[in-house]
Amino acid sequence: MSMVLDRPQTLELAPYKSLENDELSQRIAAVRRELGPRLLILGHHYQQDEVISHSDLRGDSYQLSQMAAASSDCRFIAFCGVHFMAETADILANRPDKLAERDGVRVTVVLPDMAAGCSMADMAAIDQVEAAWEDLGEVIDTDDVTPVTYINSAASLKAFCGRHGGIVCTSSNARAVLEWAFQRTSRVLFFPDQHLGRNTALKMGITNDQMPVWNPYEHLGGNTEDDLRRSRVLLWQGHCSVHQMFRAEHVRRFRQLVPEINILVHPECMQEVNDLADVSGSTGKIIQTIDQAPSGSKWAIGTELHLVNRLKHEHPDKEIHFLSPVVCMCATMYRIDLAHLCWSLENLAAGHPVNVIRVDDETARFSLIALERMLQVK
Ligand code: 13P
Ligand code: SF4
């Protein structure tokens, strides 16, 4: 008999918190069996192992958006990541052509814990970006500026890009996206992560004096008119609180202690760290690099702790270290645990979805324009 008939009311979260992981796992598995291909559980690589073990598909931000865009059988997505990723999944899984294929039936996207946000995404609010655009227009021609938002941003910012000829990027396609932008305009406004913007543009030959940082709390972002006129990439003053913990001295320490060490970092790390690294790339590229590395090779990795620990476990033939001496983990992603996953899935199966992520139609329409531009960039 369907669980829809068994459970007429929304289930409370509290009792799930005292259950053992074994029981939670069995109940999650039962919902997965019941819903079959109608349920897709997506997991970001930074997610804790217990949660990842229940995901149908795992990936970095770009791969996860492709998966959501390609989903066809599923009617429910449980997104084990953070809020902006679930918003992106909602926009892509419910875009007009997909809705038409399903006779208007929406895919319900749930985020097991609504507190799973992203501190970087919170560093750029839509009213701040709109105010910056207006201020910029007093000094330079904004028709000659492409707004580029890192996917780590609220849907309203993606919609801003859609409205203004702009585009979304992830850490795996940032260079291709900037090249796309520079074919159209001579300047870019890049938000919210200054480090991804700077590290990518430096590799394209753009210099730091052409990349002023925009502080949303100061007039003209804290820049002179000359700074803005000279700019090629305007960098929003945002960062990832996890990746900013990796420092140049950590790289130097490993180079001294372990002579054959290779340094592998995420481009959200600051410039000094990226400059000293051997390889820099998205979480997908970090995994690929370690997968392809020869047995016995030595690596110090600067990205989120859960991913580095998983890589250590999966590659016992390689020497893998965490680059920082202190714990750097994405505390918001970590909020998604088995209790929240089980609670949200059982409510889904009972026909009472909780923590539904639903982007309003107008925002979704313009965000989709910017997301589709990104998915088309090769
Ligand atoms: P990826 O694009 O590598 O998945 O990174 C997402 C993220 O949030 C890194 O902090
Ligand atoms: Fe956001 Fe940083 Fe967490 Fe990635 S690791 S989701 S950028 S806070």
Side-chain angles (χ1 to χ4, degrees), residues 42-48 51-52 55 57-68 79-89 111-124 148-154 157-158 167-177 190-197 199-200 236-246 264-270 273-274 277 279-290 301-311 322-324 326-336 357 371 374-375 377:
L42 296 178
H44 188 270
H45 290 306
Y46 294 167
Q47 207 54 254
Q48 49 188 304
V51 171
I52 279 290
S55 63
L57 299 167
R58 84 172 98 145
D60 65 12
S61 302
Y62 184 71
Q63 293 159 337
L64 290 169
S65 39
Q66 280 182 317
M67 290 164 191
F79 209 110
C80 300
V82 289
H83 193 272
F84 72 80
M85 298 177 186
E87 278 189 335
T88 303
L111 181 66
D113 186 343
M114 282 300 204
C118 166
S119 54
M120 175 202 286
D122 294 342
M123 288 177 196
V148 176
T149 190
Y150 188 20
I151 198 163
N152 297 32
S153 57
L157 272 71
K158 296 181 177 87
I167 186 166
V168 177
C169 78
T170 73
S171 56
S172 61
N173 62 14
R175 180 166 183 152
V177 165
F190 191 97
F191 42 85
D193 185 21
Q194 60 174 298
H195 300 299
L196 176 64
N199 290 324
T200 308
W236 195 264
Q237 192 174 299
H239 63 264
C240 166
S241 47
V242 179
H243 289 92
Q244 72 154 4
M245 305 280 278
F246 299 102
L264 173 56
V265 300
H266 196 282
E268 286 177 15
C269 296
M270 56 185 80
V273 175
N274 264 263
V279 187
S280 160
S282 72
T283 50
K285 180 165 174 186
I286 289 172
I287 292 168
Q288 190 192 39
T289 303
I290 296 297
I301 307 179
T303 195
E304 207 273 346
L305 183 65
H306 288 93
L307 173 57
V308 179
N309 282 342
R310 190 172 310 121
L311 287 170
F322 190 57
L323 181 59
S324 169
V326 295
V327 169
C328 313
M329 62 169 231
C330 182
T332 45
M333 191 129 5
Y334 188 64
R335 295 196 63 112
I336 296 189
I357 302 296
L371 282 163
M374 172 188 85
L375 291 169
V377 165

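For this chain, numbers begin at 1 and follow the sequence in order. Indexing begins at 1, ligand by ligand and atom by atom, following the structure's order. Values below: every heavy atom of this structure, side chains too, minus hydrogens, waters and symmetry copies.
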I'd like to know if the side chain of T332 reaches the main chain of G117, judged simply by a donor and an acceptor atom lying under 3.5 Å from each other, with no hydrogens or angles considered.
yes
Look only at interatomic distance and state if H44 has a nitrogen or oxygen under 3.5 Å from any nitrogen or oxygen of ligand 1.
yes
Can you check whether N152 reaches E268 side chain to side chain, under 4.5 Å on heavy atoms?
yes
Under 3.5 Å, N or O to N or O, is S171 touching ligand 1 that way?
yes
Counting only heavy atoms closer than 4.0 Å, does ligand 2 sit against the backbone of E268, its side chain, both, or neither?
side chain
With atoms numbered from 1 as shown, which atoms in ligand 1 lie under 4.0 angstrom from a non-hydrogen atom of S282?
3 (O)
Nearest non-hydrogen partners of G281 and P267, listed with the distance:
O-CD, 3.3 Å
Between E268 and ligand 1, is there a nitrogen or oxygen pair with a distance under 3.5 Å?
yes
Can you tell me how the ring of W236 sits relative to the ring of F191, calling it parallel under 30°, perpendicular over 60° and tilted otherwise?
perpendicular
Are any of the N or O atoms of D60 closer than 3.5 Å to those of ligand 1?
no
Are the aromatic rings of F322 and F246 close, with centres under 6.0 Å apart?
yes
Under 3.5 Å donor-acceptor, K158 side chain and S153 backbone
yes
Apply side-chain hydrogen bond (donor to acceptor under 3.5 Å, both in side chains) to the pair S241 and S119, showing each step before the final yes or no.
CA-CA 7 Å; S241 47; S119 54; 3.0 Å; yes
Does ligand 1 have an atom under 4.0 Å from some heavy atom of H266?
yes
Part of Y46 with heavy atoms under 4.0 Å of ligand 1, whether side chain, backbone, both or neither:
side chain
Distance to 0.1 Å, residue and atom name: give those for the protein heavy atom nearest to atom 6 (C) of ligand 1.
S61 OG, 3.2 Å
Going by heavy atoms, is H243 under 4.0 Å from ligand 1?
yes
Checking side-chain contact (heavy atoms from CB on, under 4.5 Å) between M123 and each of H239, Q194, Q237, which is the one that passes?
H239
Among all protein heavy atoms, pick the one closest to atom 8 (O) of ligand 1 and tell me residue, atom and distance.
N152 ND2, 3.0 Å
Sub-3.5 Å donor-acceptor pair from the side chain of R310 to the main-chain atoms of Q47, do we have one?
yes
Strictly by modelled atom types, are S61 and T170 linked by a side-chain donor-acceptor pair under 3.5 Å?
no
Quick one: which ligand 1 atoms are inside 4.0 Å of a heavy atom on T283?
1 (P), 3 (O), 4 (O)
Hey, which protein N/O/S atoms does atom 1 (Fe) of ligand 2 have under 2.8 Å?
C118 SG
Looking at N274 and C269, would you say the former's side chain and the latter's main chain have a donor-acceptor pair under 3.5 Å?
yes
Given H44, which partner from the list L307, I336, L64 fulfils the side-chain contact (heavy atoms from CB on, under 4.5 Å) test?
L64
